[in-house]
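Here's the structure, in structure tokens; my notes come after.
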Amino acid sequence: MDRVDLRSDTVTWPTPEMRQAMAEAAVGDDVFGEDPTVNALQEAAARRLGKEAGLFVASGTMGNLVAILAHCGRGDEVILGDKAHTFVYEAGGIAALGGIHPHPVPVQRDGTLPLEMIRAAIRPDNIHMPVTRLIALENTQGTVGGLPLTKEYTDAVGEIARAHGLALHIDGARIFNAATALGCDVADLVAAADSVTFCLSKGLCAPVGSVLVGSHEFIARARRARKIVGGGMRQAGILAAAGLIALEKMTGRLAEDHANARRLAEGLAALPQFEVDLAQVQTNMVFFSLRPEVPITAYELAERLKRHNVWIMCMDERRFRAVTHYWIRPEHIEQTLAAIRQETP
Ligand SMILES: *Cc1c(COP(=O)(O)O)cnc(C)c1O
């Protein structure tokens with residue numbers, strides 16, 4: 001990449017190997033189910049996550065939308081985090097397009113929704129109320145710093161879901177970061193879930209796409225929902241070819257990104273102008289803020305850093321987010337810290 005871009009792991013460019021595979025991909029009409037590369041990606045993703053079937057979708061947002069459309073009907077309710085991507089950052093799609101009622105539960109600092117609050121959010125059989133159908137978790141939970149939810153926690157939520165006849169969906173945009181941080185097998189981690197989405201286009205470097213996995217019967221319904229939202233793509237094998245490399249070659253190296261995030265967080269913690277909670281840095285995200293007395297805004301500092309070819313995201317006047325990924329090497333962390341040291345008054 002041509003800059004040290006720490007704003008997000010969505011900025012990653014495809015690798016040369018991906019571009020090559022895309023150029024040579026075998027393709028067919030995927031709406032007819034005839035694209036061999038899409039089919040290979042869907043099967044590989046399902047196998048990897050321990051589910052029966054997969055569905056290639058254009059984005060993580062589309063994956064969550066078609067999953068929730070497949071689980072819920074109009075007026076049904078989904079219990080999810082009040083800081084969940086689906087609740088905050090997906091333009092209200094489940095309500096706008098599905099008539100699905102979100103029931104937010106407060107996300108804790110560790111990324112969990114308290115089990116007792118999930119239980120309390122489940123509606124009794126009462127004609128005044130919406131019908132609860134689904135619980136949705138996010139792993140890693142982005143807004144609290146990319147914290148991984150454990151298998152034990154996920155299993156406990158799965159038990160609540162089963163006891164009440166509900167489904168469990170996991171927005172696993174960064175599920176491989178979670179499995180890496182926890183040192184566990186990704187299929188084990190999501191064993192309790194009926195459906196899972198993960199992004200190919202974040203830390204895994206593919207240019208486009210996510211995969212939704214679940215049972216054969218669920219994926220058949222999700223395929224129809226994908227068609228409804230205009231997500232039936234044709235020779236999508238061009239994109240899936242990069243996705244296969246993302247899945248097979250990029251999931252095993254995420255610990256490098258986590259080590260770089262740690263390096264950055266520790267470098268920032270050593271500077272008197274910044275506050276960073278090292279306990280919240282467990283995957284590839286670092287949230288940090290300017291101390292109140294520092295006479296510069298986050299926006300001004302971010303502008304100054306661009307002169308050093310370093311790009312960081314501002315969350316507000318005082319707070320930043322930096323996300324490490326494939327294109328960020330240890331020397332870029334040093335470059336970033338040097339620029340921050342030089343530019344922060
Ligand atoms: C990025 C992200 C998504 C959506 O992915 P897009 O491909 O940007 O639509 C969904 N959930 C979480 C937690 C994400 O971080």
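Indexing begins at 1, ligand by ligand and atom by atom, following the structure's order.
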For Ala173, the ligand 1 atoms with a heavy-atom partner under 4.0 Å come out as 2 (C), 11 (N), 12 (C), 13 (C), 14 (C), 15 (O)
Short version for Thr61: what comes under 4.0 Å of ligand 1, heavy atoms counted, is both
Atom 11 (N) of ligand 1 sits nearest the protein heavy atom Asp171 OD2, 2.5 Å
Chi angles and distances behind the salt bridge (Lys or Arg N to Asp or Glu O under 4.0 Å) call for Arg221, Glu217: CA-CA 7 Å; Arg221 277 184 284 130; Glu217 181 266 338; 3.0 Å; yes
For Gly60, the atoms of ligand 1 under 4.0 Å from one of its heavy atoms are 4 (C), 5 (O), 6 (P), 7 (O), 9 (O)
Verify, without hydrogens or angle tests, whether Arg321 (side chain) and Arg7 (backbone) share a donor-acceptor contact under 3.5 angstrom. yes
Q.
Within 45 degrees of the ring normal and closer than 6.0 Å to the centroid, is that where the cationic atom of Arg318 sits relative to Phe320?
A. no
query = Does ligand 1 have an atom under 4.0 Å from some heavy atom of Glu90?
reply = yes
Between Leu212 and Ala222 the two heavy atoms that sit nearest each other are CD2-CB, 3.7 Å
Before signing off on this row, confirm whether Ser201 and ligand 1 have an N or O atom pair separated by under 3.5 Å. no
*asked:* Are more than 12 heavy atoms, taken from residues, nucleotides or ligands other than Asn126, located less than 6.0 Å from that residue's CG atom?
replied: yes
Hey, is ligand 1 close enough to Glu138 that some N/O pair sits below 3.5 Å? no
The answer for which part of Asn64 has a heavy atom under 4.0 Å from ligand 1 is side chain
For atom 15 (O) of ligand 1, the closest protein heavy atom turns out to be Lys202 NZ, 2.6 Å
Report task. Return yes when Met62 approaches ligand 1 closer than 4.0 angstrom through a heavy atom, no otherwise. Result -> no
Taking atom OH as the centre, does Tyr299 end up with more than 12 heavy-atom neighbours from other residues, nucleotides or ligands that are less than 6.0 angstrom away? yes
In short, Ala70 meets Phe218 closest at the heavy-atom pair CB-CE1, 3.6 Å
A quick test of your reading: do over 12 heavy atoms of other residues, nucleotides or ligands sit less than 6.0 Å from CZ of Arg224? no
So for Ser59 against ligand 1, with non-hydrogen atoms under 4.0 Å, the contacting part is both
For Arg174, the atoms of ligand 1 under 4.0 Å from one of its heavy atoms are 15 (O)
